[in-house]
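What you are looking at is a predicted structure, and each value in this text was computed from that prediction instead of being measured. Numbers restart at 1 for each chain; the letters A, B, ... are given by sequence-line order, proteins then strands.
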Number of protein chains: 2
Amino acid sequence: MRLLIVEDEKRLALSLAKGLTAEGYAVDVVHDGLEGLHRAGEGVYDLVVLDIMLPGMNGYRVCAALRAAGHDVPILMLTAKDGEYDEAEGLDTGADDYLTKPFSYVVLVARIKALLRRRGTGGPSPVISLGAIEIDTAARRVHRDGSEVTLTAKEFAVLEQLATRAGTVVSKAEILEHVWDFAYDGDPNIVEVYISALRRKLGATLIKTVRGAGYRLESR
Amino acid sequence: MRLLIVEDEKRLALSLAKGLTAEGYAVDVVHDGLEGLHRAGEGVYDLVVLDIMLPGMNGYRVCAALRAAGHDVPILMLTAKDGEYDEAEGLDTGADDYLTKPFSYVVLVARIKALLRRRGTGGPSPVISLGAIEIDTAARRVHRDGSEVTLTAKEFAVLEQLATRAGTVVSKAEILEHVWDFAYDGDPNIVEVYISALRRKLGATLIKTVRGAGYRLESR
DNA sequence: CCTCGACGATCAGCAGGCGCATGGGGATCA
DNA sequence: TGATCCCCATGCGCCTGCTGATCGTCGAGG
């Protein structure tokens, strides 16, 4: 699950990025509106946190431009409470939710999860069930034969990526793209390491290797 | 679905055009940067494949000019691997994706499909059914009379190529061009080797030899 | 109807690449 | 400062992909 934060207050941006990374999301940060538009346009993000007051291009215009280009990525807007910009305008341009500064971190995380849940399954069930394995994406917990398995943040992110596309082959490049952030430039071997860890914890049969193509999670 | 190819290497351009036409896209080709800019500016294309080294006007400038004029058509850039031009610069000018020569045809098609999908328009149906044989392109699985047949990456690629054009004759040269790199110049016998392997796994009757012309997959 | 040449099919063997496992070092958090 | 997590590096084994040689088949022409 990969997020983009477009926020020019460096301290706030850093703080959000750290917290969300700890939650298990892959987080990229940009400080400029135009840059934010380009990155969000890549289509690899599952959600965009978008400040309104930005250098380069303000948040409303970024949001409107994304929607005009046909992107339906969930957008959570941030704004200062003091007039000039207001909620209605934000929602008008196509934002999915809206938060007024200052806000508490837990509220932000709750809103993000709500938006992702809304997009993810459409229904109220954030639990993906695959044979003996159950994945609760909201609680970030995994059960095997009823007993809980503890996964690290990255392990969970890789599993989630495979699970949301269960039954189809996901290439190593795609996993890298969605789980790691854009600063990462390392060995694709890292994916194999995490696949290996997941197999050790969840059983060897769950994840199938498709040589030369990627990995596939059986849908049942 | 209409594509524009801006590429001055005539052989490569022709080859791409033929292959993509076979995939079901309508393809136009121009060999000059300025001409490419004009055509792309007409706004009738769903995607532009844009080489960087071009007579008239180089690819970066074409791309930048299109973006400056407000066009958001997806752009896939092509470039030779040897320095001077680099990825970052391409993406900076507003390209959506980027491919280094030499690249394999299947990779190119995958990127094109990914870009088009990102824009909301879906690709063709992933499951191809031919009599007793079923090909699931997303899961990379093939079933014969209901039971799964395991194919290697290359075997699958050859089969996929034949299947997308089921009922028509596909020449050995076309298969070579589409499945192997453009740079590949080995023994064309390799195609026969893979046809042989596919017949062994899927039954001898599925793939018909058209002597002197190529192979044909019966559509049912 | 037979012969011959060209094209296609198949097989075995080899080298290289891909995927997997493992251990260690660096960063981060309590 | 200890524990955990993440990433990198290395080595190894197996499978894949390709080559080259041989065998089979088709079709034309005498």
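- One atom, NZ of Lys201(A), and another, C1' of dT4(D), lie 11 Å apart when rounded to the nearest Å.
- Side chain of Trp180(B), nearest nucleotide from dG17(D), dC26(D), dC18(D): dC18(D).
- If you check dC7(D), dC6(D), dT10(C) against the side chain of Glu192(B), the one that comes closest is dT10(C).
- A donor-acceptor pair shorter than 3.5 Å cannot be found between the side chains of Thr150(B) and Arg211(A).
- Taking side-chain N and O atoms only, Thr209(A) has no distance below 4.0 Å to OP1 or OP2 of dG19(C).
- Formation of a donor-acceptor pair under 3.5 Å by the Asp187(A) side chain with backbone atoms of Ile190(A) is not found in this model.
- Note on Arg199(B): only backbone sugar-phosphate atoms sit closer than 4.0 angstrom, heavy atoms only; bases stay farther off.
- One finds a side-chain N or O of Lys172(B) lying less than 4.0 angstrom from the OP1 or OP2 phosphate oxygen of dG8(C).
- Note that the two end axes of the helix from dC1(C)-dG30(D) to dA30(C)-dT1(D) enclose an angle of 30°, each drawn from 5 base pairs, rounded to 10 degrees.
- For Tyr194(A), no side-chain nitrogen or oxygen approaches OP1 or OP2 of dC20(C) to under 4.0 Å.
- With dC20(C), dC6(D), dT16(D) as the choices, the nucleotide that has an atom nearest any side-chain atom of Arg211(A) turns out to be dT16(D).
- The listed nucleotides are dC20(C), dA21(D), dC6(D); the one nearest the side chain of Asn189(A) is dC20(C).
- Across the protein-nucleic acid pair, Leu176(B) atom CG and dC18(D) atom C1' stand 12 Å apart, rounded to whole Å.
- One atom, CD1 of Ile175(B), and another, C1' of dA9(C), lie 15 Å apart when rounded to the nearest Å.
- Atom-to-atom distance recorded for Asp136(A):CG and Ile128(A):CD1 is 9.5 Å, nearest 0.5 angstrom.
- Of the candidates Arg141(B), Lys201(B), Arg140(B), Glu148(B) forms a salt bridge (Lys or Arg N to Asp or Glu O under 4.0 Å) with just one, namely Arg141(B).
- In this model, the phosphate group of dC20(C) is not approached by any side-chain N or O of Ser196(A) to a distance below 4.0 Å at OP1 or OP2.
- With rounding to whole Å, Asp181(A) atom CG is found 9 Å from dC7(D) atom P.
- The interatomic distance linking Leu198(A) (CG) with dC6(D) (C1') rounds to 14 Å, in whole Å.
- Comparing dG19(C), dC8(D), dA21(C) by their closest approach to the side chain of Tyr215(A) singles out dG19(C).
- Checking dG20(D), dT16(D), dT22(C) against every side-chain atom of Val193(A), the shortest atom distance belongs to dT22(C).
- Judged by distance alone, the side chains of Asp28(A) and Tyr45(A) do bring a donor and an acceptor atom under 3.5 Å apart.
- The interatomic distance linking Asp187(A) (CG) with dA21(C) (P) rounds to 16 Å, in whole Å.
- Rounded to whole Å, the distance from CD1 on Ile190(A) to P on dG25(C) is 17 Å.
- Here Thr152(B) does not reach the OP1 or OP2 of dC15(D): none of its side-chain N or O atoms lies under 4.0 Å away.
- Straight-line distance from the CD1 atom of Ile207(A) to the C1' atom of dG19(C): 14 Å, rounded to whole Å.
- Salt bridge status for Glu218(B) with Arg216(B): present, with a side-chain N to carboxylate O gap under 4.0 Å.
- Ion pairing between Arg144(A) and Glu134(A) fails under the 4.0 Å rule for side-chain N and carboxylate O.
- Within the 3.5 Å criterion, the main-chain N or O of Ile195(B) finds no donor-acceptor partner in the side chain of Arg200(B).
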